[in-house]
Colleague: 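Here it is, the structure, as structure tokens.
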Amino acid sequence: VQLQASGGGLVQAGGSLRLSCAASGPTFSSRTMGWFRQAPGKEREFVSAIRSRGGNTYYADSVKHRFTISRDNAKNTVYLEMNSLKPEDTAVYYCAADKGDNGRIILSSIQRAGAYTYWGQGTQVTVSS
């Protein structure tokens with residue numbers, strides 16, 4: 001499975017961006033997909049995740065009500081709509097996937113980076129004040 005993240009850029013505080021993560025390979029629809037971010041000098045942190053066919057979604061408290069995760073299984077793509085962006089949202093954003101039917105992440109681990117098997121290359125989001 002290969003993941004390709006895109007859509008990052010420079011935006012002013014209060015602005016919006018939409019990140020996309022395109023996945024190659026079969027069985028995308030069976031995979032839990034996650035978004036993480038890493039700011040300079042900080043650890044990678046959970047942002048959001050979406051379950052496979054059912055589409056249950058999860059968010060870090062810091063982005064709840066501002067970010068929306070969604071997926072289009074026909075296009076093998078997961079999205080992260082980011083609104084009301086703040087300077088503290090500045091980071092490299094990574095998409096990640098679990099093993100799908102061969103190893104679904106349990107709910108208690110969905111915010112753990114180590115629970116995901118596949119990672120994209122990251123896309124830079126910079127929010128200016």
Colleague: Within the structure provided, determine whether Leu80 and Ser48 are in side-chain contact (heavy-atom separation under 4.5 Å).
Modeller: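 Yes; the side chains approach each other to less than 4.5 Å.
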
Colleague: Ignoring hydrogens, what is the shortest heavy-atom contact between Ser109 and Ala115? Give both atom names and the distance.
Modeller: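 Nearest heavy atoms, Ser109 then Ala115: O-CB, 3.6 Å.
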
Colleague: Please tabulate, one pair per line, all N/O donor-acceptor pairs under 3.5 Å involving side-chain atoms of residues 61-75, not counting sequence neighbours.
Modeller:
from: Asp61; atom 1: OD1; to: Lys64; atom 2: NZ; distance (Å): 3.1
from: Arg66; atom 1: NH1; to: Ser84; atom 2: O; distance (Å): 2.9
from: Arg66; atom 1: NH1; to: Asp89; atom 2: OD2; distance (Å): 2.8
from: Arg66; atom 1: NH2; to: Ser62; atom 2: O; distance (Å): 2.8
from: Arg66; atom 1: NH2; to: Asp89; atom 2: OD1; distance (Å): 3.0
from: Arg66; atom 1: NH2; to: Asp89; atom 2: OD2; distance (Å): 3.4
from: Arg71; atom 1: NE; to: Asn73; atom 2: OD1; distance (Å): 2.8
from: Arg71; atom 1: NH1; to: Arg31; atom 2: O; distance (Å): 2.8
from: Arg71; atom 1: NH1; to: Arg51; atom 2: O; distance (Å): 2.8
from: Arg71; atom 1: NH2; to: Phe28; atom 2: O; distance (Å): 2.8
from: Arg71; atom 1: NH2; to: Arg31; atom 2: O; distance (Å): 3.1
from: Arg71; atom 1: NH2; to: Asn73; atom 2: OD1; distance (Å): 3.4
from: Asp72; atom 1: OD1; to: Ala74; atom 2: N; distance (Å): 3.1
from: Asp72; atom 1: OD1; to: Lys75; atom 2: N; distance (Å): 3.3

Colleague: Return the set of residues passing side-chain contact (heavy atoms from CB on, under 4.5 Å) with Val125 (not counting sequence neighbours), or none when no residue passes.
Modeller: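 Expected list: Leu17, Leu19, Met82, Tyr93, Val127.
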
Colleague: Test Ile50 against Val78 for side chain to side chain contact (heavy atoms under 4.5 Å, CB included), laying out the working first.
Modeller: CA-CA 9 Å; Ile50 185 167; Val78 62; 4.0 Å; yes

Colleague: Return the set of residues passing side-chain contact (heavy atoms from CB on, under 4.5 Å) with Ser128 (not counting sequence neighbours), or none when no residue passes.
Modeller: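 side-chain contact (heavy atoms from CB on, under 4.5 Å) list for Ser128, sorted by chain: Leu10, Gln12.
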
Colleague: Please give me the minimum heavy-atom distance between Ala97 and Leu3, naming the atom from each residue.
Modeller: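 Taking every non-hydrogen atom into account, N-CD1, 3.8 Å.
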
Colleague: Gln124: which residues meet the side chain to side chain donor-acceptor pair (under 3.5 Å) condition with it, sequence neighbours left out?
Modeller: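 Gln124 satisfies side chain to side chain donor-acceptor pair (under 3.5 Å) with Thr126 once adjacent residues are dropped.
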
Colleague: List for me each residue that meets salt bridge (charged side-chain N to carboxylate O under 4.0 Å, His left out) alongside Glu45, sequence neighbours excluded, and say none if there are none.
Modeller: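 Arg37.
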
Colleague: In chain order, what residues pass the side chain to side chain donor-acceptor pair (under 3.5 Å) check against Ser29, with sequence neighbours excluded?
Modeller: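 If we apply the side chain to side chain donor-acceptor pair (under 3.5 Å) test to Ser29, skipping adjacent residues, there are no hits.
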
Colleague: Side chains of Asn83 and Ser16: donor-acceptor distance under 3.5 Å anywhere?
Modeller: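 Their side chains do contain a donor-acceptor pair, which is all the 3.5 Å distance test asks for.
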
Colleague: With no hydrogens and no angle check, is any side-chain donor or acceptor of Thr123 less than 3.5 Å from a backbone partner on Gly8?
Modeller: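 At least one qualifying donor-acceptor pair exists.
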
Colleague: Using a 4.5 Å cut-off on heavy atoms from C-beta on, say whether the side chain of Tyr118 contacts that of Asp98.
Modeller: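 No, their side chains stay 4.5 Å or more apart.
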
Colleague: If you link ILVMFWY side chains whenever their heavy atoms are less than 4.5 Å apart, which other residues fall into the same cluster as Ile105? By chain and number, please.
Modeller: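 Reading the cluster by chain and number, Ile105 sits alongside Phe36, Phe46, Tyr58, Val92, Tyr94, Leu107, Ile110, Tyr116, Trp119.
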
Colleague: Do you know which two heavy atoms are closest between Thr27 and Ser30, and how far apart they sit?
Modeller: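 Nearest pair, atom of Thr27 first, then Ser30: O-OG, 2.8 Å.
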
Colleague: List the residues meeting side chain to side chain donor-acceptor pair (under 3.5 Å) with Gln121, not counting sequence neighbours, and say none if there are none.
Modeller: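 Counting only residues at least two positions away or on another chain, Gln121 forms no side chain to side chain donor-acceptor pair (under 3.5 Å).
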
Colleague: Going by salt bridge (charged side-chain N to carboxylate O under 4.0 Å, His left out), name the pairs with one or both residues in residues 100-124, residues two or more places apart or in two chains.
Modeller: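 The answer is Arg53-Asp101.
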
Colleague: Applying salt bridge (charged side-chain N to carboxylate O under 4.0 Å, His left out) as the test, list every pair that has at least one member in residues 5-22; sequence neighbours left out.
Modeller: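 Non-adjacent pairs meeting salt bridge (charged side-chain N to carboxylate O under 4.0 Å, His left out): zero.
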
Colleague: Does any pair with a residue in residues 70-129 pass disulfide (SG to SG under 2.5 Å), and if so which ones, sequence neighbours excluded?
Modeller: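 Only Cys21-Cys95 qualify under disulfide (SG to SG under 2.5 Å).
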
